[in-house]
Amino acid sequence: MTAKGPLVGHKVSHSNIKTKRRFLPNLCNVTFISDALGRNVRLRVSTNAIKSVDHRGGLDAFLIKAKATELSPRALELKRAIEKKTAKAAPEKKAS
């Protein structure tokens, strides 16, 4: 969700021999609650993304504020659905 991917570096032995290795992101399967959609959403995200979602005040706030280029296709689909729901709800609140 936050465009994290594997990094490349060296594994350095005691004798200082350097061999290539990959540093993989710390991914977790998490269930987020979407207030706008009124349902639970299961996503595979990094632990850093979990902290960002909590910091921004939930999944809906995080996705609305996030750039489309940084999101995965599934997260982008959720973002569009949330924007659509909040756009429908906004005129009803203004009218009353």
Side-chain angles (χ1 to χ4, degrees):
M1 208 157 72
T2 53
K4 287 202 171 277
L7 296 172
V8 179
H10 287 107
K11 180 168 73 172
V12 182
S13 70
H14 181 68
S15 60
N16 208 26
I17 297 170
K18 293 163 186 77
T19 53
K20 287 275 192 173
R21 64 158 289 182
R22 292 177 71 191
F23 293 93
L24 300 174
N26 188 7
L27 298 177
C28 301
N29 293 318
V30 183
T31 302
F32 290 111
I33 299 168
S34 173
D35 297 327
L37 299 176
R39 64 184 176 97
N40 294 342
V41 179
R42 292 193 70 213
L43 293 170
R44 189 165 185 241
V45 297
S46 65
T47 52
N48 188 33
I50 296 170
K51 290 178 184 178
S52 298
V53 168
D54 286 341
H55 180 74
R56 289 194 189 162
L59 180 68
D60 299 341
F62 175 82
L63 288 175
I64 289 170
K65 199 170 182 182
K67 294 177 185 172
T69 56
E70 294 177 351
L71 296 175
S72 67
R74 174 123 164 77
L76 194 57
E77 183 182 308
L78 287 168
K79 177 180 175 152
R80 288 191 186 116
I82 290 167
E83 287 174 342
K84 198 173 185 180
K85 281 276 190 179
T86 54
K88 285 182 182 177
E92 292 172 7
K93 290 180 181 177
K94 289 179 183 176
S96 57

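- Among residues at least two apart or in separate chains, side-chain hydrogen bond (donor to acceptor under 3.5 Å, both in side chains) pairs with a member in residues 7-21 are Ser13-Ser15, Asn16-Lys18.
- Within the 4.5 Å cutoff, side-chain heavy atoms of Val41 are placed close to those of Arg74.
- Hydrophobic cluster membership differs between Leu71 and Leu27, with clusters built from Ile, Leu, Val, Met, Phe, Trp and Tyr side chains linked at under 4.5 angstrom.
- Considering every non-hydrogen atom in both Phe62 and Ser52, the closest pair reads CE1-CB, 3.7 Å.
- To the nearest 0.5 Å, atom CG of residue Asn48 and atom CG of residue Asn26 are 10.0 Å apart.
- The two atoms that bring Pro6 and Arg22 nearest to each other are CG-NH2, 2.9 Å, heavy atoms only.
- Smallest separation of non-hydrogen atoms from Lys79 and Ile64: NZ-O, 3.7 Å.
- The CG atom of Asp60 sits 4.0 Å away from the CD1 atom of Ile82 when rounded to the nearest 0.5 Å.
- Taking both residues in full, the closest heavy atoms of Lys4 and Ser46 are given as CD-OG, 3.9 Å, listed atom of the first, atom of the second, then distance.
- Heavy atoms only, all atoms of each residue included: Val53 and Phe32 are closest at CG1-CE2, 3.7 Å.
- No side-chain heavy atom of Ser34 sits less than 4.5 Å from a side-chain heavy atom of Leu78.
- In terms of heavy-atom proximity, Leu63 sits nearest to Ala75 at CD2-O, 4.0 Å.
- For the atom pair CG of Leu43 and CD1 of Ile50, the computed distance is 10.0 Å after rounding to the nearest 0.5 Å.
- No more than 12 heavy atoms of other residues, nucleotides or ligands lie within 6.0 Å of CD1 in Ile33, so this atom counts as exposed by the packing criterion.
- Atom CG of Asp35 and atom OG1 of Thr86 lie 12.0 Å apart (nearest 0.5 Å).
- Atoms NZ and CG, from Lys67 and Leu76 in turn, are 14.5 Å apart once rounded to the nearest 0.5 Å.
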